[in-house]
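To keep things clear, I will list the structure first and then write my remarks on it.
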Amino acid sequence: MSSEPLRAPAESGADEHRASGPKAVRVGVLTVSDTRDAHGDLSGALIRTLLESGGHVVAAQSIVKDERGAIASTVVDWTMEDQLDALIVTGGTGIASRDTTPDAVEPLFERVLPGFGELFRMLSFEEVGSAAMLSRAQAGVVRRKPVLLLPGSRNAVKLAMERLILPELRHLVFESGK
């Protein structure tokens, strides 16, 4: 398995769009958890580290309980903030009864990016086998801002950030803001 990010062919014009995006994307990182606090939020911390090492800015970071209202309210509030270009939500994307992140955020999507979840599960399958089908990771656009929903596992976060999000974050922001 290659650790290289998936990329479109150079002649596709995607490189031009990547270059047109902001140099530093301002991201809100939301952790959904009934058990984590700021000290135990290892996935949120990993997202922050990876974003900052990629030259991006974590302009907001918070933890909310896995409750639909709290998740949706935070996403709505953050997508109205001018200082945020994108949101990454980690946690609550499984199939357990308390995993409500997709249920809370899906109705807010103005555009759905099915390729994100499809690619994430494909890459996850290479690492964890058929358990990848249990993930409801997905992405969409809310108020012209990309919102990416990731599992809470550090391994899943690392995979999504390194192989999918960081290589395309500027491009996502450029395209969703049109």
With a 4.5 Å limit on heavy-atom distance, are the side chains of Ile165 and Ile47 in contact? no
Considering non-hydrogen atoms only, spot the tightest contact between Thr74 and Ala70 and give its length. OG1-O, 2.9 Å
Indicate, with yes or no, if Val29 and Val173 share a hydrophobic cluster defined by side-chain heavy-atom contacts under 4.5 Å among Ile, Leu, Val, Met, Phe, Trp and Tyr. yes
Does the Arg143 side chain pair with the main chain of Trp78, one donor and one acceptor, at a distance under 3.5 Å? no
Same cluster or not: are Leu150 and Val58 linked, directly or through other Ile, Leu, Val, Met, Phe, Trp or Tyr residues, by side-chain heavy atoms under 4.5 angstrom apart? yes
What heavy-atom pair brings Gly92 and Pro102 nearest, and what distance separates the two atoms? O-CD, 3.2 Å
Heavy-atom side-chain contact between Arg136 and Leu149 under 4.5 Å: no
Go through Phe109 and Val142 one step at a time and tell me if the side-chain contact (heavy atoms from CB on, under 4.5 Å) criterion holds. CA-CA 5 Å; Phe109 286 159; Val142 179; 3.7 Å; yes
Is the shortest heavy-atom distance from the side chain of Val147 to the side chain of Leu108 under 4.5 Å? no
For Val157 versus Pro151, what's the shortest heavy-atom pair and its separation? CG2-O, 3.5 Å
Same cluster (ILVMFWY, side-chain, under 4.5 Å), Ile71 and Val112: yes
Hey, does Thr79 have a side-chain heavy atom less than 4.5 Å from the side chain of Val75? yes
Quick one: are Leu46 and Met161 in side-chain contact, heavy atoms under 4.5 Å? no
Do Leu166 and Leu51 make a side-chain contact, defined as non-hydrogen atoms from C-beta onward lying under 4.5 Å apart? yes
Once you round to the nearest 0.5 Å, how far does CZ of Phe120 lie from CG of Leu164? 8.0 Å
Heavy-atom donor-acceptor pair, Arg68 side chain to Asp103 backbone, under 3.5 Å: no
Examine Leu87 and Val76 and state if one hydrophobic cluster contains both, with Ile, Leu, Val, Met, Phe, Trp and Tyr joined whenever side-chain heavy atoms are less than 4.5 Å apart. yes
Show every side chain to side chain donor-acceptor pair (under 3.5 Å) that has at least one partner inside residues 104-114, sequence neighbours left out. Glu106-Gln138
Taken to the nearest 0.5 Å, the spacing of Leu119 CG from Leu123 CG works out to 6.5 Å
Could you list all the side chain to side chain donor-acceptor pair (under 3.5 Å) pairs where at least one residue sits in residues 81-102, not counting sequence neighbours? Arg26-Asp85, Asp34-Arg98, Asp66-Thr100, Glu81-Gln83
Residue pairs involving residues 39-56 (criterion side chain to side chain donor-acceptor pair (under 3.5 Å); sequence neighbours excluded): Thr31-Asp41, Arg48-Glu52, Arg48-Gln61
Identify the heavy atoms of Ala137 and Phe116 that sit nearest to each other, and give their distance. CB-CE2, 4.5 Å
Where Pro22 and Val25 come nearest, the two heavy atoms and their spacing: CG-CG2, 3.8 Å
Close side-chain approach of Leu113 to Leu172, heavy-atom, < 4.5 Å: yes
Would you compute the distance between atom CG of Leu148 and atom CG of Leu30 and round it to the nearest 0.5 angstrom? 12.5 Å
Find the distance between NE2 (His171) and OG (Ser176) and round it off to the nearest 0.5 Å. 10.0 Å
Indicate the atoms forming the closest heavy-atom contact of Arg154 with Leu42, along with that distance. NH1-O, 3.1 Å
Point-to-point distance, once rounded to the nearest 0.5 Å, from CD of Glu127 to CG of Asn155: 6.5 Å
Does any non-hydrogen side-chain atom of Arg163 lie less than 4.5 Å from one of Lys158? no
